[in-house]
Number of protein chains: 2
Amino acid sequence: MSKRQQLMDTALELFYRHGVRAIGINEVLKASTVAKRTLYSHFDSKDELVLAALQCRHDTFLSWLESNIEQSSSNDEMIQKLFAALRRWFRSDDPTLGAFRGCFFINTSAEFSDPDSPISQACRAHKRDVRKLIGRHLPRADESLADTIFLLKEGAITTAYLTGDGDQVVEQCLSALQGLVST
Amino acid sequence: MSKRQQLMDTALELFYRHGVRAIGINEVLKASTVAKRTLYSHFDSKDELVLAALQCRHDTFLSWLESNIEQSSSNDEMIQKLFAALRRWFRSDDPTLGAFRGCFFINTSAEFSDPDSPISQACRAHKRDVRKLIGRHLPRADESLADTIFLLKEGAITTAYLTGDGDQVVEQCLSALQGLVST
DNA sequence: CTCCAGGTAGACAATTCGGTCTACTTTTCA
DNA sequence: TGAAAAGTAGACCGAATTGTCTACCTGGAG
């Protein structure tokens, strides 16, 4: 694996687990066994590394999500698949996403208050793409249902992290969506 | 106003607007026109000040929420009132809550990764109390509906912050809840 | 063989952090 | 009135921050 990839993987792991501002460059270097000189030859600043970690997580998450909900034969089936996947994530049972600590993009947005910064823009773009993906994988197109699914999913992620009880939250989402689906 | 209250108000304002780790003790002192010695006579550490700011926000938010949803004559009316209030918050039109920058408790939780820390526990307790308050103010008791409202509200707050379009998010929530209410 | 891009290790600079401490001033109230 | 309590301004400490720089090493390509 390239040094650049090593740095991005380590940075993502540490930034996600502890928060961006809680992790210093030196900790990333120590954990990735890369020299500081090498880091700054690949990235101009810590913010650039954060941006790269966000992009890395974005790619991983989108393909994880798509592989979990694609080829559903009904809207209801897609919902079942989606929230079953979220439950695994909340339980930290999915090796692709690692130990659950909420949404990396929400967490990072909370740490960077300027909405025009590249980091905030990347977080915004991620959410836009996730919403699009959900809409695209409803076999029977229904933008309003996609909005509801998306909002419940966002609520589920933050509540699962805050309360620690992901199973309960997933049940509540599925129960809420029960009445809304016309298979 | 007491010095202690000045410190809590200023800390809350700055921590909420910029994030806890982004604001140093010295910035709080400068903005509150209080001496460092005085701060440390009231609070043992920065974490204690953060905890006090969380408690302060908790009280403000709970009473704001209650005053906005109390004495509804139907579940539907309560939902309308709740999301109308959220829309004002998202627009930063409500002087009680100040300029909107997402949920202070979600944001702060994102910055403190240890779920057993007093700060994380305070954030968890806040969400529990908000959920209880919502359930208590549904005239026709319905725990399942209260769960749905809570999760949509959480999704609405994070999405309104991330995307910046609070009005759209509120419309989506109300539309989603349309089908679920038996007045 | 030589050259050089790309790597390592880590000292270093400049700044900021949370927190302590001294010295002095103001307020409170018995 | 006078002493205790509470406040101010800011120097200072040790640690940690991001980012630069020197000095050295390594593995291929020409």
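First the proteins, then the strands, lettered A, B, ... as listed; each starts at 1.
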Y16(B) six-ring centre to R57(B) NZ/CZ under 6.0 Å and within 45° of normal: yes
Nearest-Å distance for atom pair NZ/C1', residues K30(B) and dG10(D): 13 Å
Nearest-Å distance for atom pair CZ/C1', residues R21(A) and dG18(C): 16 Å
Pairwise side-chain contact, S175(B) with D147(A), heavy-atom cut-off 4.5 Å (strictly under): no
Under 4.0 angstrom between T38(A) side-chain N/O and dT8(C) OP1 or OP2: yes
d(NE2, H42(B); C1', dG19(C)) in whole Å: 16 Å
Under the ring-ring contact (aromatic ring centres under 6.0 Å, His included) test, residues paired with F83(B) that sit two or more places apart: none
Salt-bridge present (R131(A), E154(A); N to O < 4.0 Å): no
Under 3.5 Å, N/O pairs linking protein and nucleotides 19-25 of chain D:
residue	atom	partner	partner atom	Å
dG19(D)	OP2	Y40(A)	OH	3.0
dG19(D)	OP2	K46(A)	N	2.7
dG19(D)	N7	K36(A)	NZ	3.2
dG19(D)	O6	K36(A)	NZ	2.6

Euclidean distance, atom CZ of residue F43(A) to atom P of dT18(D) [Å, nearest integer]: 15 Å
Candidate nucleotides dG7(D), dT8(C), dT17(D), ranked by approach to the side chain of E27(A) - the nearest: dT17(D)
Rounded interatomic separation in angstrom, taking CG from L29(A) and P from dG7(C): 13 Å
Earlier contact from the 5' end, DNA chain D, for S2(B) and A22(A): S2(B)
D167(A)/R91(A) salt bridge by N-O under 4.0 Å criterion: yes
Sugar-phosphate only, base, or nothing, as touched by I23(B) at under 4.0 Å among non-hydrogen atoms: sugar-phosphate
Integer-rounded Å distance: dG7(C) C1' and L7(A) CG: 12 Å
Given dG7(D), dG7(C), dA9(D), the nucleotide with the shortest approach to the side chain of A35(B): dA9(D)
Check ion pair K81(A)-E70(A) (N to O, under 4.0 angstrom): no
Row check, F15(A) ring normal vs R21(A) NZ/CZ: under 6.0 Å, within 45°: no
